[in-house]
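All remarks here apply to the structure that follows.
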There are 2 protein chains.
Amino acid sequence: MAKATIADIAREANVSVTTVSRFINGNYGKMSEATKNRVQETVDRLQYHPRASAQKMRQDHTHVVGVIVADISNVFSSLLFKGIYTELQPAGYDVMLMNSNNSLGEESDEIGRLLSQEVDGLIIQPNARDFSAYASITDNRTPLVMVDRRSEGQPATVSSVTADNRESCLRLGLELARRGYENILPLSRTGSQISAQSSRVEGFQEAGERTGSLVMPMEVGDHGQEWIGKELDRTVSHLKGKTAIISLIGPLLFDLLDVFKGLDWSFPEDIGLVSFDDWSWSRYVGDGIYLLQQDPQALGQACAHNLLEQMGIAAETGEGDPYGASRQITLPVACIEAPSI
Amino acid sequence: MAKATIADIAREANVSVTTVSRFINGNYGKMSEATKNRVQETVDRLQYHPRASAQKMRQDHTHVVGVIVADISNVFSSLLFKGIYTELQPAGYDVMLMNSNNSLGEESDEIGRLLSQEVDGLIIQPNARDFSAYASITDNRTPLVMVDRRSEGQPATVSSVTADNRESCLRLGLELARRGYENILPLSRTGSQISAQSSRVEGFQEAGERTGSLVMPMEVGDHGQEWIGKELDRTVSHLKGKTAIISLIGPLLFDLLDVFKGLDWSFPEDIGLVSFDDWSWSRYVGDGIYLLQQDPQALGQACAHNLLEQMGIAAETGEGDPYGASRQITLPVACIEAPSI
DNA sequence: TTGTACGCGTTATCAA
DNA sequence: TTGATAACGCGTACAA
């Protein structure tokens, strides 16, 4: 027997499809207890589930939200998703998750797929430097929230949720100077055109300008530990005074620890070490590592919350401006002290 | 202007809806270059996207797969998802991801939602001890793959993908005995009715029977580090000979390291320490920790691959048996040696 | 090579 | 309190 439809229920329960539909949607107001029970029984017996796709045809919302993260194997992304999901699920929204792998091409393809799914809203951790890559979304009047990274030329109508990268790095730069560090080496490994790492570098550079310390950003690209070790060794050997190395992205800390071991550097004696986002394991390494830590789950919840607002307004006003609720949201970065500097 | 439909394209391009439909579906066979180009141009200009929900009405597949993981904040789940996604996306399937939070109630609700979405297939990391919780899925003839855990009474028609938990723990138990350990304390923290942890305990118990060593499983439930520390201390102080403590689930290792610090135990001197699934950070702790490591991404790919087979057969044979491809798949657990035992 | 017309399962409108 | 029926956007059998 094929899947039950609303018509099957109606026939079996000796009512009209209208009544069944009302029942499904909880409009018990105009329904006798008797019919209600009869329909209920039939629905259970035939294991009827209303089909989302058929419902979508008659309604202007799908109750599905699309999410595109840059790298799902990074813990940042999974906690971000958890925050999003925690907020959206109780509100009655399902989530389609996609992984762009830090690739512009995959991202673009995925946006198309999600638009085809008629998602009610979209949360993206973007890869493209220029916002034009996302124009199809706004053209579509689909509510959009950007997270973690900002692309250039982003319309004021689009929301943005990021951590306080610049400020936290500025503060850390000042603190390092206060502790007598004269050189700061922020290491980044950027997979895409844009990332939160660049705002972090800016923060350090500002601190350098204010304190007179040397800030020398280093982009390690796809290079392995051997290359990183060589470059670091060469650079540091030319520097006067105390040097601190900053891992601007969580996974890079793994490599740095190996590199330090290879060079036989220990911290904080030979060199200072600070990292972003270790996801709470590094406190078991030696006496712990000084950290700047984002709260990805909070970021996710903020995204979802803002998106719900946008979608709510879109639903209320119909043809109105779905972007009334938009804003730029910045969440704090925690500083976890440890004797690695 | 409202979203473009196939009819809009047809009108603008001066062709019939049939032609547009053929174009969308790549049936260029019966189409002149001229019309093809004209349609192409119009589609681009109006930014037309076919609506998945309308297509679904006319077809018996949605090209959407549902995935329910037990705890998305556990790295196991995110890598599992990555494996699934990596396999399904190129095959043209979108993925709805849900997080059951190790809760039976949420899981049951989520299954209903996914069935309403008419997913073509389902991958679940199950919470319920008894398979009856999933009967609605098989009643629906929706292809299903269970991963990581097995529920009782699972029909032969349902696939299962798990890591080689029992065997790997048996081998480790034997190895521990060989190294002179006389007591093995596997610690588990189970959030749901079933988990992979129980097969692991079985493996150790089998080893205990063979070697004569004492195996004393301990369930720490929701207790905090203080409780764990007290219980461990009390237990170990009563034991003769060398003792090894096993963290049967990755996150528990965090707690154990703190507990060890609190009790001032060091490994391997005072006690042996082994853990499952640290996700590669623990090698920086002291001289590293002995590990049994699953490959969640490989598990995910195996799930997706099997599901694709099931769905392929379902699609081919129409009313035929979609479960022909079903099997029990077991993947190896890697053993990463380190001087913590 | 292109077009017409119907039906998929549901909800909303209107009528009874 | 209930029911009949027209849409929603698309794919396809059949007609031209």
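Letters A, B, ... mirror the listed sequences (proteins, then strands); counts begin at 1. The figures here come from the full heavy-atom set of this structure, side chains too, leaving out hydrogens, waters and symmetry mates.
Using a 4.0 Å heavy-atom distance criterion, A:T35 is classed as a sugar-phosphate-only contact. Counting non-hydrogen atoms under 4.0 angstrom, A:S32 reaches the backbone sugars and phosphates but no base.
Projected onto DNA chain D by closest heavy-atom contact, A:M31 and A:V17 fall at different nucleotides, the more 5' of which corresponds to A:M31. Position along DNA chain C of the nearest nucleotide to A:N27 versus B:R58 favours B:R58 as the more 5'-ward residue.
The CG atom of A:N25 sits 13 Å away from the P atom of C:dT13 (whole-angstrom rounding). Whole-Å rounding puts the B:M57 CE to C:dT10 P distance at 8 Å. With rounding to whole Å, A:Q59 atom CD is found 15 Å from D:dG9 atom C1'. What separates CD1 of B:I6 from P of C:dT4 is a distance of 14 Å, to the nearest Å. In this structure, B:K36 places its NZ atom 17 Å from C1' of C:dT2, rounding to the nearest Å. The nearest whole Å value for the distance from the NZ atom in A:K56 to the C1' atom in D:dG9 is 14 Å. To the nearest angstrom, P of C:dT2 lies 13 Å from CZ of B:F23. Atom pair A:R51:CZ and C:dT11:C1' shows a separation of 15 Å (rounding to whole Å applied).
Distances shown here put a side-chain N or O of A:T19 below 4.0 Å from the OP1 or OP2 atom of D:dG3. For A:T5, no side-chain nitrogen or oxygen approaches OP1 or OP2 of C:dG9 to under 4.0 Å. Look at A:Y48 and you'll find a side-chain N or O under 4.0 angstrom from OP1 or OP2 of C:dT10. Side-chain N/O atoms of B:Q55 include one lying less than 4.0 angstrom from OP1 or OP2 on D:dG11.
You'll find the side chain of A:I9 stays beyond 4.5 Å of the side chain of A:F23, heavy atoms only. Inter-residue side-chain proximity for A:V119 and A:V65 is flagged as unmet; no heavy-atom pair is nearer than 4.5 Å. The side-chain heavy atoms of A:I124 and A:L144, taken from C-beta on, include a pair separated by under 4.5 Å.
Under 3.5 Å, the side chain of A:T18 and the base of D:dA4 form at least one donor-acceptor pair of N or O atoms.
Closest to the side chain of A:P50, from the set C:dT10, C:dG9, D:dC10, is C:dT10.
Aromatic ring orientation, A:H61 versus A:H63: perpendicular (interplanar angle above 60°, classes split at 30° and 60°).
Across all their heavy atoms, B:A52 and A:Q117 have their closest contact at CB-OE1, 3.6 Å.
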